[in-house]
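The block underneath contains the structure these notes are about, expressed in structure tokens.
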Amino acid sequence: MLAKIPWHLITAPHTELWSRLLLEKYGNHGVFDFDNFRPACSCTWRSIQRGAEVLDLGFGWRIGDGTAVNFWDATWLGNNLIRAAMENSGRHLPAAQVSDFIDHEYRWNRELLAHVLPRDLAQAVLGVPLPHAPKPDTIIWKLSPTGTYTPCMGYTTLMNFPSSQDAGFSCLWTTPGPAKWGSFLWLARRNRLHTQHLRLMRGISNTIVCQTCHIADETSIHILRDCPMVKALWLQLIPHPTWQAWSTMELLDWIDLNMGCKRWFLDKYPWFIVFAATMWFLWKWRCQILFDADFVNPCFPLNTIFAEVEDMCRIWQLEIATGHWVKLNTDGTSRGNPGIAGYGGLLRDHVGCWLLGFSGNLGVSDTLVAELKTIRQGLHIAWSHGFRHLILETDSMIALTLITTPSSRFDPLEHLVEDIQAFLHHEWSCRLQHCYREGNKCADLLANVGADSSALLHIYHSPPPSLCLQLDEDYRGVAYPRSFNC
């Protein structure tokens, strides 16, 4: 908690009277200085100094125009990476700002970096993302995914214990659909639906047997998936090769997997909407069987479900896929994370035929930066080639989360995210969705080609020979098993 005060003194020093007073009395010419600790001071300032020790663990810079950051300073590239390496080499370190190594097009000056730095350091600098337009340098806290210091992240850092978020829980409340679906799925996910099993435990039922099949005990997973009457409906929606794995998952994992899936059913409807609607009607019909003596199960339940799905797509303005759409698969790779990085992607039409491919080298970078740079490059290529109905698929859920959630002004990757978001606001239909690595093998192959090459960008108007086999398997819909821990 104490580290919030020095964070405020650094990022917003003149917004409050108390901050101006403390900085004038104890700061270094009105500026907070980590190294300017004063032993003879008040208890308040000593406490702030202790809080600053936590803040110093992740203090850093996000490079904009580079004018405010000393090039040899450790906080913008790593822990004393440049300074320590250059001092050990015995070279003289002339005064220089980061802006001195950025050209007029806001790209790294490769020739100057190669002249001043060893190859490994020059590659590391080339991996630092720069904005497309001049922006001010920003102080960030590198250990937070948003770049902003929070007490939670400070505690996590000190305890060396990763914080955890229930991503499945968040997905239920951010997924388009009526509120009743969210409440129902939340209860189902927590195994709190009023099934016969739960009603018997609470003393409001005298039987535990499922009233639909009259065979097994009625639990949440039974009435929603495993009941023979329900299974017959699911088998019309789930491909038989994947049924065994799909139908043996635990309840929580099963709901999270399907609600987080961004695939399309019959290349037309979002699967998570189909899944949620099916779950809702299964539970609704079960309740009507139990409490309404006059209720009769619909003869064509899928017709009822898909009528609701189409209504939800219309109400929530979810676009239904058509034959005009083009799919862009992207992938970034880093050998060492950080290490030598490359990117690759390909564009295919609605039946899976090749349109365009690309790959390139990114220098030294980590995987997340490589993924974001690849997405930015892929959107730029798709837009410049005139495609106006685009589905972008990536296997990086972290990258998608950064793009689709509001970013902090202290986010170290804000420039990349803002560039991507600017592309998404062009006058076109562009949809982002996640896929597993097994479904992104073509882009992965191109990313490895890019990492092995020295070219910044290579465009493929026809598929390279090394990609033909994988393209053919994708076209034929060859499935790949995905292992997971039980």
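Treat the numbers as computed from the prediction; the structure is a model and nothing was measured.
Remark: the backbone N or O of R62 is not paired with any side-chain donor or acceptor of H415 at under 3.5 angstrom. Of the possible polar contacts, one joining the D137 side chain to the G66 backbone as a donor-acceptor pair under 3.5 Å is found. Under a 3.5 Å cut-off, the side chain of S183 and the backbone N or O of K180 do not form any donor-acceptor pair.
The closest side-chain heavy-atom distance from Q470 to D444 is not below 4.5 Å. Counting heavy atoms from C-beta outward, E308 and W280 have side chains that stay 4.5 Å or more apart. Counting only heavy atoms from C-beta outward, the side chains of L187 and W283 never approach each other to under 4.5 Å. Between L400 and Q433, the closest side-chain pair of non-hydrogen atoms is not below 4.5 Å. D395 is listed as a side-chain neighbour of E371, based on a closest heavy-atom distance under 4.5 Å. In this structure, the side chains of C210 and H222 come closer than 4.5 Å at one or more pairs of heavy atoms. Under the 4.5 Å side-chain criterion, counting only non-hydrogen atoms from C-beta, L467 is in contact with W354. A 4.5 Å side-chain heavy-atom check between I102 and D65 finds every atom pair outside the cut-off.
We find the NE2-CZ distance between H194 and R192 to be 9.5 Å, quoted to the nearest 0.5 Å. The line from CG of L193 to CG of L224 is 6.0 Å long, rounded to the nearest 0.5 Å. Summarising the geometry, atom CG belonging to L424 is positioned 11.0 Å from atom CG belonging to D419; distances are rounded to the nearest 0.5 Å. Distance check, rounded to the nearest 0.5 Å: CD1 of I208 to OG1 of T219 gives 8.5 Å.
Taking a 6.0 Å sphere around CD of E105, one finds it holds more than 12 heavy atoms contributed by other residues, nucleotides or ligands. The number of heavy atoms from other shown groups lying within 6.0 Å of NE2 (H380) does not exceed 12. In this structure, L235 places its CG atom where more than 12 heavy-atom neighbours from other residues, nucleotides or ligands lie under 6.0 Å away. Around NE2 of H426, the count of heavy atoms belonging to other residues, nucleotides or ligands within 6.0 Å exceeds 12. Counting heavy-atom neighbours within 6.0 Å of F300 CZ, excluding the residue itself, gives a total of 12 or less.
For residues 341-354, the pairs satisfying salt bridge (Lys or Arg N to Asp or Glu O under 4.0 Å) are R348-D474, with sequence neighbours left out. Every pair passing salt bridge (Lys or Arg N to Asp or Glu O under 4.0 Å) that includes a residue from residues 202-230 is listed here, sequence neighbours excluded: E218-R286. Judged as a salt bridge (Lys or Arg N to Asp or Glu O under 4.0 Å), not a single pair has a partner in residues 354-370 (not counting sequence neighbours).
Smallest separation of non-hydrogen atoms from V369 and P129: CG1-CD, 4.3 Å. Taking all atoms of both residues into account, the shortest heavy-atom contact from S359 to Y460 is OG-OH, 2.8 Å.
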Below 3.5 Å, can you tabulate the donor-acceptor pairs from side chains in residues 333-342 to any protein atom, sequence neighbours excluded?
unit_1 : atom_1 : unit_2 : atom_2 : d
S334   : OG     : N337   : N      : 3.3
S334   : OG     : G339   : N      : 3.2
S334   : OG     : S365   : O      : 2.5
R335   : NH1    : D452   : OD1    : 2.5
R335   : NH2    : N448   : O      : 3.3
R335   : NH2    : N448   : OD1    : 3.3
R335   : NH2    : D452   : OD1    : 3.1
N337   : OD1    : T367   : N      : 2.8
N337   : OD1    : T367   : OG1    : 3.2

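Between F265 and F306, the distance from one ring center to the other falls under 6.0 angstrom.
Contacts of K135 classified as side chain to side chain donor-acceptor pair (under 3.5 Å), with partners at least two apart in sequence or in another chain: E418. Evaluation of the side-chain contact (heavy atoms from CB on, under 4.5 Å) rule for L390 yields V326, L328, L347, L379, A382, W428, C430 as partners, not counting sequence neighbours.
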Residues L372, R376; criterion side chain to side chain contact (heavy atoms under 4.5 Å, CB included); working and verdict: CA-CA 6 Å; L372 289 171; R376 181 174 68 176; over 6 Å; no

With side chain to side chain contact (heavy atoms under 4.5 Å, CB included) as the criterion, how do I381 and L457 come out once you've worked through the C-alpha distance, each side chain's angles and the decisive distance to 0.1 Å? CA-CA 11 Å; I381 291 173; L457 173 63; 4.2 Å; yes

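Screening N329, T330, T394 for a side-chain hydrogen bond (donor to acceptor under 3.5 Å, both in side chains) with N440, the sole residue that qualifies is N329. Considering Q377, K373, Q123 as possible partners of L362, the one that fulfils the side chain to side chain contact (heavy atoms under 4.5 Å, CB included) test is K373.
Judged by a 6.0 Å distance limit and a 45° cone about the ring axis, R388 is positioned over the six-membered ring of W383. Remark: R110 is not positioned above the aromatic ring of W108, lacking an NZ or CZ atom under 6.0 angstrom from the ring centre and at most 45 degrees off the axis.
The aromatic rings of W246 and F275 lie perpendicular to each other, with more than 60° between the two planes, well past the 30° mark.
Residues K441 and D331 are not paired through a salt bridge, judged by the lack of any N-O separation under 4.0 Å between the basic side chain and the carboxylate.
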